[in-house]
Participant: 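This is the structure I have questions about; it appears just below.
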Amino acid sequence: MGYAEIYKRSITDRNAFWMDQAGAIDWVTPPTQALFDDRAPIYEWFADAEVNTCFNALDRHVAAGRGDQVAVIHDSPVTGTKTHITYAQMLDRVSRLAGALAAKGVSKGDRVLIYMPMVPEALVAMLACARLGAIHSVVFGGFAARELATRIDDAQPRAIIAASCGIEPGRVVHYKPLLDGAIDMATHKPDFCVIFQREQERAELIPGRDHDWDAFQKDATPADCVPVKGSDPAYILYTSGTTGQPKGVIRATGGHLVALAWTMKNLYNVNPGEVFWTASDVGWVVGHSYICYGPLIHGATTLVFEGKPVGTPDAGTFWRVIEEHRVVSFFTAPTAFRAIKREDPQGKLVGDYDLSSLRVLYLAGERADPDTILWAQDKLGVPVIDHWWQTETGWAIAGNPMGLEPLPVKIGSPSVPMPGHEIHILDEGGNPLPPGELGAIAIKLPLPPGTLPNLWNAEDRFRKSYLTTFPGYYETGDAGYLDEDGYVYIMARTDDVINVAGHRLSTGAMEEVLASHPDVGECAVIGVSDELKGQLPLGLLCLNAGVTRDHAEVTAECVKLVRERIGPVAAFKHAVVVDRLPKTRSGKILRATMVKIADGEPFNMPATIDDPAILDEITAALKPLGLAARD
Ligand code: COA
Ligand code: AMP
């Protein structure tokens, strides 16, 4: 069957289609049906089945004779180390950690927060939770203590597993003090913490609460897999919404397994035993799905890379890794390629390496600009496949099914809907728009397996954020259009979420931080275009009456404050003081118009603007920053 037939069946005969795909998974109790719609529009998949994720990622491969195959390669240019871990070794490590966690009382349904850099122990921790049916929540290392505290209070973890430090080029990230600060700030306190001590920085342990990773599990009895219901949460992953309170996206176990298993061959064209490399971070959804779970569920080898595309040590690092580990499919964000292209525009370093193992390059996380795609295609000589997805969906909404039936690539489009995703373009009233017309991208319910069934402890917010604007649909928050061939084009977000270096950030969260500065009366944060990172946040600040301090001092304090509260990942480096912000007559700040001004793009004067003169003031304020360069 080709793509068109498969896709059609996934929509017209959902149950049968996904029951067939469920055959790739080893169930404790097999599902009798795929979709459970009795609580529609809240849907569940494989709810009457029992299964264990870790069993599918490790045990079954060892039992099938893959024990000596490498499961995880750790390649870390920042520490100068490379490690290979076989499936049998992973199983041993994971079962022992799970045993130690179980001995301390962690059991099915408990939450465990994981705060670790790109080390194999992060995967061991995730899989140990999965083995026990505990729900992990991984937090990206670039977030500050306060963000960690917010997640601790929301997920209420029984335990926290962290590393002593992370390594960024030129600096050690002190994870443990950040963790201690977060636990101090949080209302909820974990029962205990397990700290993986890295030799680059050993952390001080708090007696009675903190346990050293090695000592903790030295004498542990390995734990067996605990079966969970297909609809039980496998993990919670927090993502940015429009406010400072992140959304806890739930991933349900059965659908997660089935959907990821389907993608490994059909979308990524990877066979068991081959090396799949995703250069992202375990703290993001891409890292959950394709650094940890997808490749292991499929019996492939996954690569955990601890470094940057440039500077560790040079712009040839990616090519060195592909050559050395014989990577067949490589997945990263366009921003990584922009960074390489900037450093080595001619792609000279590519020629120094043998990339013959590589079949396809996959890009996602942000819009893939044509220049980057063409550069990558030209230099690597392999198809470059853009695909579109979100933390919420956990896997691609649209892509090009390279292992099933490669479709023509149209540059600027992440291609066609993946199974079960019925994409529609709607106008403001929720009416379907014809091909070529720009509108809100919505997906007809139910969403397929693997996508979010709900938000953690926030069903109202789930309904309000995703299901209310267009009844019967999931609102993606992206705007775009479909062409005559059914290819989708993603043009912009419809909310205040911005995308910086492939990382999703909330301007609302940054505004909340800025508004807490004593001299700031009002503020707005917008995402302005950036050649390297796609977008960069920019703060516009109105100071309180009577503040006579030097503006540069206030903006510097604001930049520092965002870094302290949200973390370096916010990449918030620029703020400017303005007298007034442009608003509609009803008081809504005209952020989208300011973005156009900052990017030097033409804009229509909003009909509801209160005072058009303010736009000239904004233009004048942005010019010294090298923005608003139109004339
Ligand atoms: N722990 C602590 N700090 C981190 C971090 C981590 N895991 N990851 C990033 N940071 C810090 C960076 O050091 C930087 O700090 P600085 O302001 O002191 O320089 C800041 O957060 C911003 O990070 P980023 O925007 O990623 O910039 P960068 O210069 O470090 O790297 C890229 C830029 C393009 C090379 C990098 O973002 C990249 O490789 N991205 C592609 C892969 C990816 O992450 N994709 C995600 C979804 S697929
Ligand atoms: P995240 O949840 O962090 O993965 O971010 C999801 C958002 O990133 C999407 O809603 C899009 O706005 C953007 N995005 C992800 N992939 C793509 C892509 N291939 N093309 C355009 N935008 C993308």
Side-chain angles (χ1 to χ4, degrees), residues 78 115-118 122 139-144 163 165-175 178 237-241 247 249 278-291 305-312 315 317-318 331-340 342-343 362-369 373 385-399 412-415 441 452 475-480 488-495 497-506 530 532-537 559 563 566-573:
V78 291
Y115 187 52
M116 298 182 100
M118 287 294 286
V139 181
F140 176 63
F143 282 118
C165 67
I167 322 281
E168 282 292 288
R171 82 188 150 98
V172 169
V173 185
H174 314 291
Y175 275 46
L178 281 166
L237 180 58
Y238 287 89
T239 190
S240 301
K247 296 170 174 170
V249 167
T278 299
S280 175
D281 190 287
V282 281
W284 306 119
V285 68
V286 169
H288 280 61
S289 296
Y290 295 112
I291 295 173
F305 174 74
E306 190 180 21
K308 301 272 172 180
V310 294
T312 59
T317 306
F318 276 9
F331 176 0
T332 191
T335 187
F337 267 78
R338 290 197 295 269
I340 295 170
R342 194 161 75 164
E343 201 74 13
Y362 294 86
L363 299 176
E366 57 172 328
R367 205 177 126 73
D369 52 292
I373 297 185
I385 301 300
D386 180 15
H387 60 323
W388 167 54
W389 48 309
Q390 309 184 314
T391 304
E392 288 85 345
T393 65
W395 62 290
I397 307 168
S413 165
S415 304
I441 312 181
L452 85 171
E475 182 184 6
T476 63
D478 284 312
V488 64
Y489 293 75
I490 317 298
M491 304 312 286
R493 289 285 305 188
T494 56
D495 55 15
V497 164
I498 59 170
N499 198 309
V500 179
H503 308 146
R504 171 166 158 185
L505 297 168
S506 159
D530 180 73
L532 175 64
K533 297 196 180 181
Q535 284 182 301
L536 273 182
V559 165
R563 192 177 172 95
I566 297 181
V569 66
F572 185 85
K573 306 250 156 116

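The structure displayed is predicted, hence computed values, not measured ones. Just follow the structure's listing: the first ligand is 1, and inside any ligand the first atom is 1. Below, all heavy atoms of this structure are taken into account, side chains as well, without hydrogens, waters or symmetry copies. Sequence positions, counted from 1, serve as the residue numbers for this chain.
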Participant: Whether Glu366 and Arg504 form a salt bridge (side-chain N of Lys/Arg under 4.0 Å from carboxylate O of Asp/Glu) is what I want to check.
Facilitator: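 Result for this pair is no, no salt bridge flagged.
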Participant: How would you list, by chain and number, every residue that makes a side chain to side chain contact (heavy atoms under 4.5 Å, CB included) with Ile498, sequence neighbours excluded?
Facilitator: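 For Ile498 the side chain to side chain contact (heavy atoms under 4.5 Å, CB included) partners, ignoring immediate neighbours, are Val500, Leu505, Thr507, Met510, Gln535, Pro537.
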Participant: For ligand 1, what are the residues with a heavy-atom contact below 4.0 Å?
Facilitator: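 These residues qualify: Phe140, Gly141, Gly142, Glu168, Arg171, Val173, Ala279, Ser280, Asp281, Trp284, Val286, Lys308, Pro309, Thr332, Ala333, Thr335, Ala336, Ala501, Gly502, His503, Lys533, Arg563, Pro568, Val569, Lys573.
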Participant: Given side chains that start at C-beta, do those of Tyr238 and Val139 come closer than 4.5 Å, heavy atoms only?
Facilitator: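 Result no, sub-4.5 Å side-chain heavy-atom pair not found.
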Participant: Enumerate the atoms of ligand 2 whose separation from the nearest heavy atom of Thr391 is less than 4.0 angstrom.
Facilitator: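 Contacts of ligand 2 toward Thr391, numbered from 1: 1 (P), 2 (O), 3 (O), 4 (O).
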Participant: With heavy atoms only and a cut-off of under 4.0 Å, state how Trp389 meets ligand 2: side chain, backbone, both or neither.
Facilitator: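 Trp389 to ligand 2: backbone contact only, side chain stays beyond 4.0 Å.
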Participant: Which protein non-hydrogen atom lies closest to atom 5 (O) of ligand 2, naming both residue and atom, and how far is it?
Facilitator: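 Nearest protein contact, heavy atoms only, for atom 5 (O) of ligand 2 is Arg504 CD, 3.4 Å.
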Participant: Would you call Cys165 and Val173 a side-chain contact if the rule is heavy atoms closer than 4.5 Å?
Facilitator: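 No, their side chains stay 4.5 Å or more apart.
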Participant: Can you tell me which residue and heavy atom of the protein come closest to atom 9 (C) of ligand 2, and the distance to 0.1 Å?
Facilitator: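 Of every protein heavy atom, Asp478 OD2, 3.3 Å lies nearest to atom 9 (C) of ligand 2.
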Participant: Can you find a heavy atom in the side chain of Asp369 that is under 4.5 Å from one in the side chain of Arg338?
Facilitator: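 Yes, at least one pair of side-chain atoms sits under 4.5 Å.
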Participant: In terms of side-chain geometry, is the basic nitrogen of Arg367 or Asp386 positioned less than 4.0 Å from the acidic oxygen of its partner?
Facilitator: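 Looking at Asp386 together with Arg367, the answer is no, because their closest N to O distance does not fall below 4.0 Å.
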Participant: Does the side chain of Ile340 come within less than 4.5 Å of Arg342's, by heavy atoms?
Facilitator: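 With C-beta onward as the side chain, the pair stays apart.
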Participant: Within a distance under 4.0 Å of any heavy atom of Asp386, pick out the atoms of ligand 2 and give their elements.
Facilitator: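 So the answer, numbered in order with elements, is 18 (C), 19 (N).
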Participant: Near Asn499, which atoms of ligand 2 are under 4.0 Å from a heavy atom of that residue?
Facilitator: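 So the atoms of ligand 2 that pass are 8 (O), 13 (C).
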Participant: Considering the heavy atoms of Ile490, write down every atom of ligand 2 situated less than 4.0 Å from one of them.
Facilitator: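 Going through ligand 2 atom by atom, the ones under 4.0 Å from Ile490 are 21 (C), 22 (N).
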Participant: Considering non-hydrogen atoms only, spot the tightest contact between Pro117 and Ala122 and give its length.
Facilitator: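 Shortest heavy-atom separation between Pro117 and Ala122 comes out as O-CB, 3.8 Å.
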Participant: Quick one: side chain to side chain contact (heavy atoms under 4.5 Å, CB included) partners of Thr476, sequence neighbours excluded?
Facilitator: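 Trp388, Gln390, Ile441, Ile443, Tyr474, Asp478.
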Participant: At the 4.0 Å heavy-atom cut-off, does Gly477 count as touching ligand 2?
Facilitator: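 No.
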Participant: Specify side chain, backbone, both or neither for Arg493, according to which of its non-hydrogen atoms lie closer than 4.0 Å to ligand 2.
Facilitator: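 Answer for Arg493: side chain.
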Participant: Starting from atom 16 (N) of ligand 2, what is the nearest protein heavy atom, named by residue and atom, and what distance separates them?
Facilitator: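 Checking every protein heavy atom, the shortest distance to atom 16 (N) of ligand 2 gives Gly365 N, 3.1 Å.
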Participant: Looking only at heavy atoms, which two atoms of Thr335 and Leu532 are closest? And how far apart?
Facilitator: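 Distance-wise, the nearest heavy atoms are OG1-O, 2.8 Å.
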Participant: Please work out which of the three classes, parallel, tilted or perpendicular, describes the rings of Phe143 and Phe140, given edges at 30° and 60°.
Facilitator: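 Geometry flag for Phe143 against Phe140: perpendicular rings.
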Participant: List the atom pairs, with distances to 0.1 Å, where a side-chain N or O of residues 278-287 and a protein N or O form a donor-acceptor pair under 3.5 Å, not counting sequence neighbours.
Facilitator:
residue: Thr278; atom: OG1; partner: Tyr290; partner atom: O; Å: 3.2
residue: Asp281; atom: OD1; partner: Gly283; partner atom: N; Å: 2.7

Participant: Considering only non-hydrogen protein atoms, determine which one is nearest to atom 20 (N) of ligand 2 and report residue, atom name and distance to 0.1 Å.
Facilitator: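 Protein heavy atom at minimum distance: Glu366 O, 3.3 Å.
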Participant: With only distance considered, is Thr476 within less than 3.5 Å of ligand 2 through an N or O on each side?
Facilitator: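 So ligand 2 has no N or O lying under 3.5 Å from an N or O of Thr476.
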